[in-house]
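Below is one structure; the comments refer to it alone.
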Amino acid sequence: MVRVRFAPSPTGFFHIGSARTALFNWLYAKHTSGCFILRIEDTDEARNTQESLEVLIKGLRWLGLDWDEGPEVGGPYGPYFQSQREALYEEFIERLKQTGRLYEQEGALYFKVSGKPQLIDDLVRGPVERLEEKDFVVVRSNGKPVFHFVNVVDDITMNITHVIRGEDHLSNTSKHLELFKAFGATLPRFAHIPLILKSTGPGKMSKRDEGALIEEYTQRGFLPEALRNYLCLLGWSPGQDREKLPIETLIQLFDLPDINPNNAHFDHKKLAHLNGEYVRELPLDAFVKACKPALEPQGLVCSDAAYLREVLGLAQEKVRAIEEVPHLVRPLLSDDFIINPESRELVFKKGDPKARIQDFLAYLPQIQTFDATHLEAALQSLAQSKNLEPSHFLQPLRLALTGMHMGLSFYRLMALLGQQKVQKRLEKF
RNA sequence: GUCCCCAUCGUCUAGCCUGGUCCAGGACACAGGAUUUUCAUUCCUGUAACACGGGUUCGAAUCCCGUUGGGGACGCCA
């Protein structure tokens, strides 16, 4: 039975790299029908708050990474907070004392290293040998055990079979191996996954980089399926030129040895593209639901659900992100929109927009049915009668009706707006 | 500085383990074109890579060594 864990420490934010580590652990657990454990490493009392924990839990839930054991769900190997496992750590310190590998210096307990090179049989990188040269602290002078120690004790007592974590821990692993062996514990398999590097510039992605935090994607209305799918592609490939796949397929295909050992730069554009694909193929009702949190803070509400549905249906074909929707549909949900100065300049640069709008207003009574098909035909014949192209009318009308020089499918937009509003806005322009 | 990891188009990657089918495939981005009488979407086309140097071999992107470059770790943080 495969048992993997994601062991974040609550810091107040959820880093994209941590999310990817969680995802790979989760994928592997699902792939092997194993157990995915969430363990909270909250020994750094200063940073640990309830809010910090919430950020983590919300982020994981949002990404759909449910855990089999851990906070809120419990499990037979609990507690799942390191802050609640102190008795256990004391017990293991005693065991270590008995091996004679512990000594005190300046109030801290040091662990005496073996002096032998430690062989990490890494599932991603193959065999890696590293010698831990210096004895290291396991219990601080204030009595608190350090990360390396508690991490290993928890992995032993939780029966973790595979440790899947970032490559930044690879050099720590020799310490961990020494500890595992000192306890006579069965070694877990290790899989050190590549790091996510900044899109531009040197180094790994830090919390200050754009797109580094899961919270940002939640707020901006990214679809979790899209982000999750993108993250799968960073350091791993489903092969056969496939990229966008349902999560069930991803789970089936995923395996540790197939993880690419080299670091990957984060590519915002590729994520945006993938998100666009997911957005556009969302069932309309789901799209409407996804849009509402973006619409409402901007005062864009609509009591007519059927109308809203049609409006958003128009928008869905156009956008690659939910965050683009409010601006696009504003003129259809509210009379309170501004004429974009740049669009105005662009439209006024060619032809005589005001005259075209007057032409159209004069023609308006002749349009019997105010729907997309008839409007298109109407514009055609109007243009013909004036010896002009329909495009001469299109942009001025769009500008007057929406304030933009581009946007939603025009005739359908006009039909949705209705004759009255169209007339009013054109007269006012 | 010491130790560890990594190295295919600008970016993510397939191929590497089990050398020949690869003058290296896909995707994003970029450029051009078609469609949409506008923009977006969609479709087509194009530009573009095996870091370098040595081996091994009849043959190397694939195996070995070195160089260079990138990344990470070196805390009484996690």
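Proteins come first, then strands; the chains are lettered A, B, ... in the order of their sequence lines, and each starts at number 1. These numbers come from a predicted model, not from an experiment.
- OP1 and OP2 of B:C76 both lie 4.0 Å or more from every side-chain N or O belonging to A:S141.
- Proximity note for A:E167 (side chain, C-beta onward) versus B:A73, B:C76, B:G72: the nearest is B:G72.
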Could you go through residues 309-326 of chain A and list every donor-acceptor pair under 3.5 Å that involves a side-chain atom there, pairing it with any protein atom two or more places apart or in another chain?
residue: A:R309; atom: NH1; partner: A:D285; partner atom: OD1; Å: 2.4
residue: A:R309; atom: NH1; partner: A:D285; partner atom: OD2; Å: 3.2
residue: A:Q316; atom: NE2; partner: A:V279; partner atom: O; Å: 2.8
residue: A:Q316; atom: NE2; partner: A:R280; partner atom: O; Å: 3.4
residue: A:Q316; atom: NE2; partner: A:L282; partner atom: O; Å: 2.8
residue: A:E317; atom: OE1; partner: A:R412; partner atom: NH2; Å: 3.0
residue: A:E317; atom: OE2; partner: A:R412; partner atom: NH1; Å: 3.3
residue: A:E317; atom: OE2; partner: A:R412; partner atom: NH2; Å: 3.0
residue: A:K318; atom: NZ; partner: A:G407; partner atom: O; Å: 2.9
residue: A:E323; atom: OE1; partner: A:R220; partner atom: NE; Å: 3.1
residue: A:E323; atom: OE2; partner: A:R220; partner atom: NE; Å: 3.2
residue: A:E323; atom: OE2; partner: A:R220; partner atom: NH2; Å: 2.7
residue: A:E324; atom: OE1; partner: A:R320; partner atom: N; Å: 3.2

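- Pairs passing the salt bridge (charged side-chain N to carboxylate O under 4.0 Å, His left out) check and including a residue from residues 154-183 of chain A, sequence neighbours excluded, read A:R5-A:D155, A:R39-A:D154, A:R39-A:D155, A:R85-A:D154, A:R101-A:E178, A:R125-A:E167, A:E132-A:K175, A:D168-A:K204.
- Every salt bridge (Lys or Arg N to Asp or Glu O under 4.0 Å) that A:K421 has, sequence neighbours left out, goes to A:D335.
- Residue A:R320 places its side chain closer to B:A29 than to any other of B:A78, B:U38, B:A29.
- Listed by first and then second residue, the salt bridge (charged side-chain N to carboxylate O under 4.0 Å, His left out) pairs involving residues 258-274 of chain A are A:E243-A:K270 (not counting sequence neighbours).
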Any N/O pairs under 3.5 Å between the protein and nucleotides 44-53 of chain B? List them or say none.
none

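- Here, B:U35 and B:G20 have their P atoms 45 Å apart, quoted to the whole Å.
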Using a cut-off of under 3.5 Å, enumerate the N/O to N/O pairs linking the protein to nucleotides 31-37 of chain B.
residue: B:U37; atom: O4; partner: A:Q380; partner atom: OE1; Å: 3.4
residue: B:U37; atom: O4; partner: A:Q380; partner atom: NE2; Å: 3.1

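- Side-chain N/O atoms of A:R140 include one lying less than 4.0 angstrom from OP1 or OP2 on B:C77.
- Taking the ring-ring contact (aromatic ring centres under 6.0 Å, His included) definition, one finds that A:F410 meets it with nothing, sequence neighbours left out.
- The list of salt bridge (charged side-chain N to carboxylate O under 4.0 Å, His left out) pairs with a residue in residues 244-256 of chain A, not counting sequence neighbours, reads A:K244-A:E281.
- If you check distances only, the side chain of A:K318 does reach the base of B:C39 with a donor-acceptor pair under 3.5 Å.
- Of all the residues in residues 198-216 of chain A, A:P202, A:G203, A:K204 reach under 4.0 Å from RNA chain B with at least one non-hydrogen atom.
- Within 6.0 Å of NZ on A:K198 lie more than 12 heavy atoms contributed by other residues, nucleotides or ligands.
- Taking the six-membered ring where the residue is Trp, the centroids of A:F147 and A:H169 are separated by under 6.0 Å.
- Put simply, the side chain of A:R398 and the base of B:U38 share a donor and an acceptor less than 3.5 Å apart.
- Residues from residues 247-270 of chain A placing a heavy atom under 4.0 Å of any atom in RNA chain B, listed by number, are A:N260, A:P261, A:N262, A:N263, A:A264, A:H265, A:D267, A:K269, A:K270.
- Distance from the side chain of A:R130 is smallest to B:C3 among B:A78, B:G75, B:C3.
- For A:H148, the ring-ring contact (aromatic ring centres under 6.0 Å, His included) test picks out A:H176, with sequence neighbours left out.
- Remark: the A:E243 side chain and the B:G26 base include a donor-acceptor N/O pair separated by less than 3.5 Å.
- Nearest nucleotide to the side chain of A:Q395, out of B:G72, B:U38, B:C76: B:U38.
- Listed nucleotides: B:C5, B:A78, B:U38. Nearest to the side chain of A:V146: B:A78.
- Residues of residues 273-283 of chain A having a heavy atom closer than 4.0 Å to RNA chain B, listed by number: A:H273, A:R280.
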